[in-house]
Amino acid sequence: MVDLTDFFKVQKGPKAAKPVKRKVEQSPKTVSEAPAAKKSKTAPIAISSSAEARPAQKKKRVVISDDDFDDDDFKMDESEAADEELDEPEILDDDDDFVELVKPPKSSRRESKPVVATPSPVKKSPVKKSPVKKETPKKPESTSKPALGGTTAEELLKTIPDAVLPDTSETEGLSFFQLKQRQAEAPQPDLGSREIPEGSPNCLAGLTIVFTGNLPSLDRSTSESLATRYGAKVTKSLSKKTSLVVIGAEAGPSKVKKIKEFGIKAIDEDGFVSLISGVSSNGGGSEAAAKAIAKKEEEEKKAIAEAEKEMKEEENREKERLQKLAQRSAQSGSSSSKDSLPIIIKTSDKPDSEKLWTVKYAPTKMEHICGNKSNVAKLSNWLTNWFANSKAGFKNPGKDGTGVFRAVLISGPPGIGKTTAAHVVAKSLGFDVLEKNASDVRSKSLLNADLKSVLDNTSLVGFFQGKENHNANQNKFVLIMDEVDGMSSGDHGGVGQLAAFCRQTSMPLILICNDKSLPKMRPFDRVTLDLTWRRPSAQEMRSRLMTIAHREKFQLDPNVIDQLVETTHNDIRQIINILSQVSRTQKKLGFEDASAIKKAWQKQVSLKPFDIIGRLLSGSTFSESSHMSLNDKLNLYFDDIDFTPLMVQENYLSTAPSRLSRGSPKDQNLSKLELLEKASNAISESDLVNSKIRSGEQQWSLLPFHGLVSSVLPSSYVAGQIQSRINFTAWLGQNSKRMKFSRLLQELQYRTSIRTSTNNVELRLSYMTYLIQRLFQPLVSKQQEGISDVIEIMDCYFLTKEDWDNIMDFGVGRFKMEANLKKIPTPVKTAFTRKYNGMTHPISIYKTGNSVASGGGKKVVADSEDVVVDDMNDKADEDDDEDNSLKKDKLIKEVKKKAGGKAKAKGKAASKAKAKA
Amino acid sequence: MSLWADKHRPKTLEQLDFHEGISNRLKSLASSGDFPHLLVYGPPGAGKKTRVLATLREIFGPGVEKLKVDVKIFENGSRKLEFNVISSPYHYEITPSDMSGNDRIVIQDLLKQVAQTESIDFTRKMKFKVVIINEAEYLTRDAQAALRRTMEKYSGNLRLILLCNSTSTIIPPIKSRTLQIRVPSPTAPEMSLVFNKILEKESVTSFDDDPSIFANVAANSERNLRMGIMLLESLYMNNDQITAKTPMILPDWKGVIKNLGAEILKNRNVQMVQSARSTFYDLIAHCIPSKLILSELTWELWYLLGNVKSGNVDQIKGSIVDACSTFDERLSLGQKDIFHLEGFIIKTMVILEKNL
C-alpha cells in the first residue's frame with residue numbers, strides 16, 4: 001500500500017529539503033553552483049534564495065577556495081562552525097517558503113523532483129576526489145624529506161648497547177608453571193617511574209619487535225601499544241624476520257636461546273625508549289621502513305580505489321533512483337487528475353546521506369563482507385544447492401557436508417555481520433528474504449499460524465515488479481529468523497516449534513543467534529548446519545574501514561583502526577558508528593584521539609564470577625604499581641553484585657597473600673592468620689550492610705559501600721598468588737540444604753508436636769539424637785525382631801516411613817547415618833518396609849479444609865489402630881471417648897448453625913449462615 | 001512406647017515435682033475463676049509448657065489433652081499460607097516461627113476467629129478459649145503490635161499464654177498486659193529426684209546407687225530436664241550396668257562442637273579454617289542454631305583453656321568472650337551465619353596464636 005507518511009515527508013519537506021540544506025552548509029562550492037542551477041529554472045526558488053541570502057563574506061571565501069582545494073577542506077570546518085548560527089534562521093525561512101510553495105500540490109511535486117535531483121553531489125565528487133588523490137602521493141614525499149638528514153632505526157640500534165642475555169642454564173630445567181611462578185614473583189613493573197616516551201610518528205615503521213620478560217618500568221600492554229603506535233609490528237614469537245627483541249627480567253629461556261640462534265638484536269627497556277625518541281619519523285627513511293610504509297600505502301591506495309569504484313556505483317544508483325523517482329512522479333502527475341496518488345517511496349529509495357553509515361556502507365556483495373570468508377562461502381554453497389538437495393531429500397551430504405541440512409544456524413557475537421551476511425548471500429543468489437526478528441512475537445501458535453503456511457509457498461514479489469525485474473530464480477525465498485536466542489518467555493514453545501520447522505521446511509531457513517551454547521538453543525543441535533561466525537580481525541576490517549573513511553572524506557590513521565578494533569572487541573558495526581559520530585565534529589582521527597575514544601567507547605564486558613575473583617584476589621590488582629583505581633576494583637564487584645561477595649568469601653582462604661611478612665614459619669602463620677582475620681572481619685561486617693540493603697530497609701544506596709566491605713577490602717588483605725582452583729561458592733548449595741532440612745524439621749515437629757509439646761529447635765537439639773538411636777539401634781541389634789519396636793515408636797510419634805529416612809539424615813558428626821545405615825542388613829530393611837506398609841498407622845494431621853466426615857473417618861482409623869497397637873486398653877478407650885466428645889463438639893457446632901438458623905428470623909439466619917460459611 | 005521424657009510428663013499440677021511455689025500460684029489462679037494473660041518464660045527444659053498444659057487441665061479438665069493438628073489456610077493478599085495449628089476443644093497452640101514473617105496476618109486472623117466465636121457450652125466453668133503462643137520471642141514487631149489491642153478487646157473470650165525463653169524481644173505494652181511467670185531450670189537435686197522417680201516407675205535396676213551419676217547427667221544436660229531424661233534413657237538403653245564412669249551419650253551436635261574446639265586449640269592454620277568452615281556448614285544445614293554453635297564453642301574453649309598452663313590464659317579467655325559477643329551480635333543483625341562464625345574462628349585463632 002501507499003505510505004502516506006513518507007509522502008508527506010517528501011512533500012512538506014524538512015526532510016527533502018535537508019540534502020539541499022546540508023549541501024549548502026557543507027560545501028561553499030555548491031553556492032557557486034546554485035546560481036547556475038537557478039538559471040536552469042528547474043531549481044526551486046528556495047535554494048536560490050538561500051544562496052543569495054548568504055553573507056557576502058562567504059562568497060569571498062568561495063573564490064579563495066577555488067585556488068586551493070586542499071585548504072578548502074579545513075576552512076570548511078571553520079566556516080561551518082562560524083556560520084552555523086547565521087545559517088540557522090535562513091534555513092528556517094527556507095522551510096517556510098517551501099511549505100508555502102508546496103501548497104499547490106501539482107506544482108510542488110514537479111518541483112520536489114528537481115530538489116532532490118540537484119546535480120551538486122554528482123558534480124562535487126569528481127572535484128573533491130582530486131585533492132585527496134593528490135594528497136596521498138604527497139605524503140611520503142613530505143615526510144621522507146627530513147628523513148634524509150634523520151636517523152634510521154638501524155643506525156640508532158647500532159649505538160644502543162646489547163642487553164645482557166640472561167644465563168639460561170639456571171632456568172632450563174624448570175617447567176612452564178614454575179617459570180610462570182618465577183615471573184609472578186619477580187618485581188612488578190614500577191609504572192610511575194618512567195614517563196611514556198614520545199617519538200616522531202611512524203618512527204618504528206618496518207620493525208618487527210618481540211617483547212619478552214618483565215620490563216622494569218613498562219608493563220607489557222603499554223610497551224606493546226607503544227610499539228604499534230609508532231608503526232612497528234609486534235609479534236609474540238621469535239623468527240628470522242624479527243628485527244628486534246626487547247628483553248626484560250625473567251625472560252623465557254627458549255626465547256633467549258632463539259635470540260642467540262638467530263643473532264637478533266636484543267635491547268633492554270632503556271634501549272627501547274631511546275630508540276623511540278631517537279629515530280626520526282617514518283623509520284628515518286630506512287629501507288625496511290620504506291617498504292613497510294609502501295605496503296601501507298598500497299593498502300590505502302587499494303582502499304581508495306575501492307572507494308572510488310563504490311562512489312561511482314553510488315552515483316549511478318543515485319541517478320537511477322532519481323530517474324525512477326522522476327518517472328514515477330511524472331506518471332502519477334499525468335495519471336492522477338488532481339493531486340491524489342502519492343509516490344511510493346521505499347526506504348531503499350532514500351538518498352544515502354540520510355542513512356546511517358552502517359546502512360549506507362552495509363556490504364552489498366559477498367566480497368565486501370569482512371572476515372568469515374569460508375563461512376560465507378559455505379552458506380552460499382548451501383543456499384545455492386538447497387533446492388537440488390531438497391529434490392534429493394537431503395540425503396546427499398555434498399562436498400562440504402552441508403547437503404543434509406534444511407536449515408542453517410549462524411551464531412557469533414554481535415556486530416560482526418551475521419545478519420548482513422545472511423541477507424547479502426540470499427540477495428546475491430536471487431532469493432527473496434522474509435525476516436522475523438525479536439520484534440515479532442514468535443510463540444508456537446503464531447509461528448504455526450504465520451510461518452507454517454509460508455514455508456510451502458513461493459514468492460510473488462517479482463510478479464508485481466514488472467516483467468523486466470522478474471527472473472526465474474525469484475520465486476524462491478529464504479526465511480531468516482534473526483535473534484533466535486532472543487526468543488523470550490513470551491514466545492511460548494517458539495524454539496521447539498522452530499526446531500520442528502527446521503526438520504520439515506520446504507524453504508531454506510537461516511537462523512541467527514548470538515550464543516548457541518544456551519540451553520534453550522539445544523533443540524537446534526543436529527537439525528541445523530552450524531556456522532560459527534568469528535570476529536573479523538583488524539586486518540580484515542582495515543580496508544573496508546579505510547574505504548568508508550575515504551568516501552566520507554575523513555582522515556583515518558590506519559594504526560588507529562587497530563586500537564578501535566581492540567576497544568570494541570572487533571565489533572565492526574560499532575566502529576562504523578564511532579567513526580560516524582566522530583566525523584560530525586572532526587575530519588581527522590589520529591592516534592591521540594584514539595586513546596580518548598578508546599576510553600569513551602570502551603565496550604563494557606561484564607566478567608564472569610570466576611574471572612572477577614581471579615582479578616580481585618591476584619596480587620597485581622592491589623600492588624602499588626597497579627593502575628586500577630579504587631573505582632575499577634569496585635567495578636569488579638558491580639560486574640556481579642550477587643556472586644562476587646560470595647565468591648570472595650569462598651576463596652579468600654586459598655591465596656598466598658603478597659602482604660605476608662617474611663620470617664619463620666610460625667611468624668608467617670601468624671601473619672597470615674592476622675590477614676585472614678582482617679579479611680573475615682570485613683566479610684562479616686559486609687553481611688550487616690547486606691542485610692540493611694536486602695531486608696525491610698532496602699537501603700540500596702549502600703551498595704557501593706557493600707561492594708567495598710564485602711569484596712574490595714577483604715581482597716586487599718589476602719590478594720596474592722591464588723594457590724588452588726577457584727571454587728564456586730558453596731553458600732548457595734549449603735543454604736538450600738539448610739532450607740530443606742528446616743522444612744523437614746518443621747514437618748517432623750508438626751507430626752510429633754502432640755506427643756512432644758516442643759518446638760523445632762528443641763526437637764532438633766534434644767530429641768533428634770535419641771530418636772535416631774531408638775529408631776536405628778533395634779534394627780541392628782535385634783534385626784527382624786527389632787522392627788516391631790521401631791514401628792511402635794514411630795506410631796507413637798506419628799512418624800511415617802519417609803520421616804524415618806529423614807530423621808536418619810539429620811545426624812551430624814558421630815551420628816551421621818549414611819555409613820551406619822549400611823549396617824542394617826538388606827533383608828531387615830525390606831522386611832521393615834514391608835511390615836510398615838502392611839500396617840495401618842495413626843495420623844496426627846488432617847486438613848480442616850476437608851469435610852468433617854472425612855477428617856473424622858481418618859481419625860477413626862487412627863484410633864482403631866491405636867487399639868490394636870496400644871497395650872493399654874483403658875487409655876485407648878479414653879481416647880475413643882474423647883474422640884467422640886470431640887466429634888460431638890464438631891457436630892454441636894454444625895447443629896448450632898442450623899438450629900440457630902431455624903429458630904431465628906429467616907433473613908438473619910441466612911446472613912449468619914453466610915458469615916459462617 | 002514413647003521416649004521417657006514424653007511418657008513421664010506430668011499431666012496435672014499435683015504431679016509436678018519442683019517449683020512448688022509456681023505450681024501453687026497457678027493452681028490458685030486456675031481455681032479463682034479468673035485467669036489473666038500469661039507470659040511464661042525461662043530456659044528450655046524447665047517445664048514451662050508442661051506447667052501451662054497442667055494448668056489448662058486444671059481449668060478445663062482432661063479434654064485439653066485431646067490434641068489434634070489442623071492445617072489452617074490463611075490468605076495474605078493473593079498468596080495462600082498453610083500452616084498447622086495444634087488444638088484441643090479448649091485451646092489453640094501456634095508457633096510464629098513457622099510462619100516466617102507472616103505471623104501478623106496469622107495472629108490477626110486466628111485470634112479474631114477464635115475470639116469471635118463464643119462457646120455455648122453453658123456447663124463450662126470458663127467461657128474463654130486459650131491461645132498458646134510458643135516461641136513468643138520470635139514474634140515480629142508487627143505481630144506483637146497486632147496482639148496489643150486484641151488482648152484487651154477480646155479478653156472476654158480469649159486468654160493468651162505466651163511462652164518464651166527470654167522476654168527481651170517482647171515489647172513493653174505486652175509485658176504490661178500479662179502476668180509474667182518465670183520458670184527457672186530445676187536444680188541438680190531436683191533433677192535427681194525426677195530421675196529417681198522415673199527409674200522407679202520403669203523399674204530399672206541397672207543404675208548404680210551413686211548420686212554422682214545423676215549429678216553428672218544434670219551437668220551434661222545443662223539442667224535441661226528434657227535433655228537430662230533423654231540422657232538417662234540413652235544411658236539405660238546402651239549400657240547393661242551404669243556406674244559413675246559410664247560415658248555420657250551426648251547429642252550429636254555437641255560432640256561435633258567439642259571436637260572442633262579441641263582442634264582449634266591444637267592447630268591454628270588455614271587448613272583448620274577450611275575444615276572448620278565445612279563443619280559449620282554441616283551444623284547449620286542440620287538446623288543447629290548458629291548462636292548456639294557460637295556459644296557452645298566459646299564455652300568449650302573456655303573449658304579447654306582451663307587445662308592450659310602456659311601463656312596468658314586469662315587474657316585469652318577475655319578476648320575470646322569479647323569476640324564471641326561481637327559475632328553474636330552480628331549473627332542477630334546479619335543473614336549469612338557462616339560469615340560470622342568464620343570470622344569468630346579466625347579471630348580466636350589469632351588470639352590463641354598470639355598469646356600461647
Side-chain angles (χ1 to χ4, degrees), chain A residues 649 653 669-670 672-674 676-677 680-681 683-684 687-688 690-691 694 730-731 734 737-738 741-742 745-746 750 753-762 764-770 773-774 777 789 792-793 796-797 810-815 844-845 847-849 882-883 885-886 889 896, chain B residues 1-3 6 44-45 49 53 63 66-73 84 86 89 95 97-98 120 134-135 224 226-227 230 233-234 237 251-253 255-256 259 268-270 273-274 281-289 327 330 333-336 338-340 342-343 346-347 349-350 353-354:
Chain A
Q649 191 266 340
L653 296 176
N669 188 32
L670 178 61
K672 178 155 192 195
L673 281 177
E674 275 175 332
L676 288 180
E677 190 236 315
S680 66
N681 192 41
I683 289 172
S684 153
D687 186 39
L688 308 188
N690 187 44
S691 54
R694 314 256 173 178
W731 188 83
Q734 293 289 349
K737 198 170 155 195
R738 185 180 63 85
F741 274 108
S742 62
L745 185 64
Q746 181 71 63
Y750 281 150
S753 54
I754 288 180
R755 286 273 186 259
T756 59
S757 80
T758 186
N759 57 32
N760 295 351
V761 177
E762 279 300 303
R764 170 66 190 88
L765 294 181
S766 50
Y767 274 89
M768 205 55 80
T769 316
Y770 304 108
Q773 278 187 357
R774 292 295 293 273
Q777 221 83 41
D789 288 359
E792 210 176 308
I793 294 175
C796 173
Y797 284 99
F810 258 101
V812 290
R814 202 159 62 82
F815 285 85
S844 65
I845 305 176
K847 290 198 176 185
T848 35
E882 274 161 20
D883 189 53
S885 76
L886 172 83
D889 204 356
K896 179 191 145 196
Chain B
M1 186 171 76
S2 53
L3 298 176
D6 298 322
K49 188 80 157 287
L53 288 176
K66 190 62 217 171
L67 295 171
K68 64 187 172 70
V69 182
D70 286 344
V71 182
K72 293 232 173 195
I73 294 165
N84 293 10
I86 300 169
T95 311
S97 62
D98 303 0
I120 56 151
N134 291 316
E135 300 180 47
N224 176 337
R226 184 189 349 251
M227 184 80 96
M230 298 273 181
E233 189 180 1
S234 73
M237 295 292 290
D252 51 351
W253 52 274
V256 174
N259 283 343
R268 299 172 292 268
N269 50 36
V270 185
V273 180
Q274 291 276 22
Y281 266 138
D282 205 29
L283 288 173
I284 294 173
H286 288 86
C287 302
I288 310 297
F327 286 99
R330 290 191 188 164
L333 296 175
Q335 287 162 329
K336 299 194 175 76
I338 190 81
F339 289 15
H340 309 298
E342 206 167 281
I346 299 178
K347 177 115 191 168
M349 283 184 184
V350 171
E353 190 72 24
K354 267 188 185 165

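Numbered from 1 within each chain, the chains take letters A, B, ... in sequence-line order.
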For [X], which atoms come within 4.5 Å of any heavy atom of chain A: side chain, backbone, both, or neither?
X: B:R330; result: both
X: B:P251; result: both
X: B:K49; result: side chain
X: B:E135; result: side chain
X: B:L333; result: both
X: B:N269; result: both
X: B:M237; result: side chain
X: B:N259; result: neither

Sort out for me which of [options] touches chain B most, counting heavy-atom pairs under 4.5 Å.
options: A:D789, A:T758, A:L745; value: A:T758
options: A:G811, A:S753, A:S691, A:G813; value: A:S691
options: A:D687, A:N760, A:L676; value: A:D687
options: A:V812, A:I683, A:L673, A:T769; value: A:V812
options: A:Q773, A:Q746, A:Q649; value: A:Q649
options: A:L688, A:N690, A:L765, A:I793; value: A:L765

Could you tell me which non-hydrogen atom of [X] sits nearest to which non-hydrogen atom of [Y], and how far apart they are?
X: B:S2; Y: A:C796; result: CB-SG, 3.0 Å
X: A:R738; Y: B:I284; result: CD-CG2, 3.3 Å
X: A:W731; Y: B:I338; result: CD1-CG2, 3.7 Å
X: A:S766; Y: B:R226; result: OG-CD, 3.6 Å
X: A:S684; Y: B:F339; result: CB-O, 3.9 Å

B:V71/A:Y750 under side-chain contact (heavy atoms from CB on, under 4.5 Å): CA gap, chis, key distance, verdict: CA-CA 10 Å; B:V71 182; A:Y750 281 150; over 6 Å; no
Backbone N/O of B:R268 and side chain of A:N669: donor-acceptor pair under 3.5 Å: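 Present.
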Inter-residue atom distance [X].[atom1] - [Y].[atom2], 0.5 Å rounding:
X: A:R764; Y: B:D252; atom1: CZ; atom2: CG; answer: 4.5 Å
X: A:F741; Y: B:C287; atom1: CZ; atom2: SG; answer: 7.5 Å
X: A:M768; Y: B:H286; atom1: CE; atom2: NE2; answer: 10.0 Å

Shorter than 4.5 Å, heavy atoms on both sides: which option in [options] has the most such pairs with chain A?
options: B:N134, B:V270, B:L283, B:T95; answer: B:V270
options: B:V256, B:V350, B:I86, B:V273; answer: B:V350
options: B:G343, B:A285, B:P289; answer: B:A285

Contact check, side chains of B:N224 and A:E762, non-hydrogen atoms, under 4.5 Å: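 In contact.
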Side chains of B:K354 and A:E674 in contact at under 4.5 Å (non-hydrogen atoms):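 They are in contact (side-chain heavy atoms under 4.5 Å apart), so the answer is yes.
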Side chain, backbone, both or neither of A:K672 within contact of chain B (heavy atoms, under 4.5 Å):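 Just the side chain, heavy atoms under 4.5 Å.
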Portion of A:F810 that has a non-hydrogen atom of chain B nearer than 4.5 angstrom: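 Contact with chain B: backbone and side chain both.
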B:K336 atom NZ, neighbour heavy-atom count above 12 within 6.0 Å: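 Check passes, neighbour count above 12.
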